[in-house]
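Computed from a prediction, not measured in an experiment: that's the story for all the values here. First listed ligand is number 1; within each ligand, the first listed atom is number 1. Position 1 is the first residue of the sequence; numbering continues from there.
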Amino acid sequence: MNICLIGYGLPCLILANILTNKNIKISIFDEGNYKKKFETRTLGIAKKNIDFLKKESISIENNAWFINNIKIFNESQNNKEILNFGPVDSKIFSIIKYNKFISLLEKKIKKKKLIHFIKKNKTTFYNSIVNNKNKFDLIVNFNENNKISKELFFRKQYKNYNSSAYTVVANHQKCDNRIAHQIFTKFGPIAFLPISNTQTSIVFSVFEENKKFKEYEILNLIKKYNKIYSFKSFSKIEKFYLKGSVLKNYYNKNILCFGDNIHKVHPLAGQGLNMTIRDIKILSELIDKKIDLGLRLDKSVLKEFENKTKHYNYLFFSSINFIYEFFKFDSKIKNNYSNKIFNLLENNTLFKKYSMNFADKGLI
Ligand SMILES: Cc1cc2nc3c(=O)[nH]c(=O)nc-3n(C[C@H](O)[C@H](O)[C@H](O)COP(=O)(O)OP(=O)(O)OC[C@H]3O[C@@H](n4cnc5c(N)ncnc54)[C@H](O)[C@@H]3O)c2cc1C
């Protein structure tokens, strides 16, 4: 069995590792002209997903910082806490630096004899895939901008957030740092995600419909909304334009799209990669089933994958968009709705339990 993976981001490297655990040959086509970015981006990975990765010999715990509480605040009520998901005994999420995670996976991949990199001209390679002249059992495409996506997977539903996410790592005085904070401000949600006792990663997703922000303005807003840390310095700031999308059809012949290529969501819930890890688990189980039955890997596995995941992913995408729209609207009317609703929800243990499950396990 031979599976081709087109990409080189986190989902691609995680899947490559997991598939080789099943003795499947992996060919990776990496366009190679991808400039290293994401120096300040961090990822919150849900406990359930960390456990799954560990079972697949991808252990990130030693390189991640666990948090045991998430607190949500609202700007208009003098930064009043509106929700609190802890403290809990177990780790709710662990935060890892994006590039640290990539290098961990790269190290593992280098040791795998079953993985090789395809060295071919881009046009020749993509033509062979689009024209169905390839030798692979399955192809997994992570890149939404290549010829395959443009010619075979153009039916997408888009969500324009009119926002950019600014990411920066703050160095601060030592403190007990196990609580993540998110404040819904009139500019957009700002998250403080601890990565050590002296460093916190900040993701500020700013509405930019009417105004483009300068870096110094973002830093000033971060300082204004910070009520916890004594900042010493900041890393450089990176900016990501935010666009949401879901793909209408996940597969075409033996080609499956994957990762942000099938669902791209706003980072306010820290769920993009978490959704993909849950997809990987499902795909992995479907492949195991075929192997156990002595069947070939063909497009039937892709069909089953789509049937099992598409509606849940769509619901997840819609729920995150609802939260985004709700707070955007609410901030325009001075948090009139959220104040009342969250006063009720803060005391509702069932709601809190459900939300924690939603973030940890997804909808399945
Ligand atoms: C500001 C921000 C914060 C986020 N925080 C979280 C979070 O806390 N938790 C969470 O679960 N998700 C989070 N996400 C979402 C998460 O980053 C994405 O879901 C995940 O990175 C998608 O991976 P991808 O490979 O599908 O796409 P991308 O990483 O966007 O990559 C796009 C394409 O480039 C290729 N590529 C990527 N990196 C490389 C590389 N180094 N070399 C060569 N090619 C490359 C990929 O293969 C793919 O083809 C966040 C997103 C943003 C914008």
- request: Pick one of side chain, backbone, both or neither for how Pro267 approaches ligand 1, counting any non-hydrogen atom pair under 4.0 Å.
  value: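 Pro267 to ligand 1: side-chain contact only, backbone stays beyond 4.0 Å.
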Gly270 heavy atoms, cut-off 4.0 Å: which ligand 1 atoms fall inside?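 Within the 4.0 Å cut-off of Gly270, ligand 1 contributes 7 (C), 8 (O), 9 (N), 10 (C), 11 (O).
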Atom 7 (C) of ligand 1: which of Ser201, Gly272, Gly44 has the nearest heavy atom?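 It is Gly44 that holds the nearest heavy atom.
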inquiry  = Can a donor-acceptor pair be found, under 3.5 Å and without considering hydrogens, that links the side chain of Tyr98 to the backbone of Glu39?
reply    =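 Flag not set: sc Tyr98 to bb Glu39 has no pair under 3.5 Å.
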Just do the salt bridge (Lys or Arg N to Asp or Glu O under 4.0 Å) check on Glu238 and Arg41 with the steps written out, would you?
CA-CA 8 Å; Glu238 286 172 309; Arg41 197 193 289 188; over 6 Å; no
ask   = Which option out of Ala46, Ser164, Pro11, Gly9 puts a heavy atom nearest to atom 24 (P) of ligand 1?
value =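 Minimum heavy-atom distance to atom 24 (P) of ligand 1 goes to Pro11.
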**Message:** Treating Lys108 as the side-chain partner and Ser103 as the backbone partner, does any N or O pair qualify as donor plus acceptor under 3.5 Å?
**Reply:**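 Side chain of Lys108 to backbone of Ser103: no pair is present.
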- prompt: Do ligand 1 and Val203 have nitrogen or oxygen atoms that lie under 3.5 Å from each other?
  reply: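 So ligand 1 has no N or O lying under 3.5 Å from an N or O of Val203.
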Nearest to atom 52 (C) of ligand 1 by heavy atom, Lys264, Lys243, Arg41, Glu31: which?
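When every heavy atom of Lys264, Lys243, Arg41, Glu31 is considered, Arg41 comes closest to atom 52 (C) of ligand 1.
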TODO: Compute the shortest N/O to N/O distance between Asp260 and ligand 1 and return yes if it is under 3.5 Å, no if not.
DONE: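 Yes, there is a polar N/O contact under 3.5 Å.
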Taking the cut-offs as 6.0 angstrom to the six-membered ring centre and 45 degrees off its axis, would you call Lys211 and Phe213 a cation-pi pair?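 Verdict for Phe213: a cation-pi partner in Lys211.
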Heavy-atom contact check, 4.0 Å cutoff: does Asn145 meet ligand 1?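 So Asn145 does not count as touching ligand 1.
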Q: Could you tell me how the ring of Tyr229 sits relative to the ring of Phe192: parallel (under 30°), tilted (30 to 60°) or perpendicular (over 60°)?
A: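 The arrangement is tilted - the two ring planes meet at 30° to 60°.
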Original post:
Should you measure from each heavy atom of Ala165, which atoms of ligand 1 turn up under 4.0 Å away?
Top reply: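 Under 4.0 Å from Ala165, ligand 1 has these atoms: 1 (C).
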**Asked** Between Thr42 and ligand 1, which residue portion shows a heavy-atom distance shorter than 4.0 Å: side chain, backbone, both, or neither?
**Response**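 Looking at Thr42 and ligand 1, just backbone atoms fall under 4.0 Å.
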Heavy-atom contacts with Gly7 under 4.0 Å: which atoms of ligand 1 show up? List them by number with element.
->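 Answer for ligand 1: 47 (O).
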Quiz prompt | Stacked cation flag Lys328 on Phe207, 6.0 angstrom / 45 deg | solution =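 Yes - Lys328 lies over the ring of Phe207, closer than 6.0 Å to its centre and within 45° of its axis.
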Check whether Arg278 reaches the backbone of Asn49 with its side chain - one donor and one acceptor, N or O, closer than 3.5 Å.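 Absent.
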*Is a donor on one side and an acceptor on the other found under 3.5 Å between the side chain of Asn274 and the backbone of Gly270?*
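Here the side-chain-to-backbone pair exists.
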Considering only heavy atoms of Asn143, which atoms of ligand 1 have at least one such atom less than 4.0 Å away?
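Under 4.0 Å from Asn143, ligand 1 has these atoms: 49 (O).
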**Prompt:** Which ligand 1 atoms, with their elements, are less than 4.0 angstrom from a heavy-atom of Asp30?
**Reply:**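 In order of numbering, the contacting atoms are 43 (C).
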Is it the case that Asn143 and Asn261 place a side-chain donor and acceptor less than 3.5 Å from each other?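 No, no side-chain donor-acceptor contact under 3.5 Å.
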Fill in: Interfacing atoms of ligand 1 (cut-off 4.0 Å, heavy-atom, Tyr98)
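In order of number, 21 (O), 29 (O), 38 (N).
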Below 4.0 angstrom from a heavy atom of Gly259, which ligand 1 atoms are there? Numbered from 1 as shown, please.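 Counting from 1, the qualifying ligand atoms are 26 (O).
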- Task: Identify, by atom number and element, the atoms of ligand 1 in contact range of Thr167, meaning under 4.0 Å from any of its heavy atoms.
- Result: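 Taking each heavy atom of Thr167 in turn, ligand 1 has 1 (C) under 4.0 Å.
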Just to verify, which of Lys253, Arg296, Lys290 counts as forming a salt bridge (charged side-chain N to carboxylate O under 4.0 Å, His left out) with Asp137?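 Exactly one candidate clears the test, Arg296.
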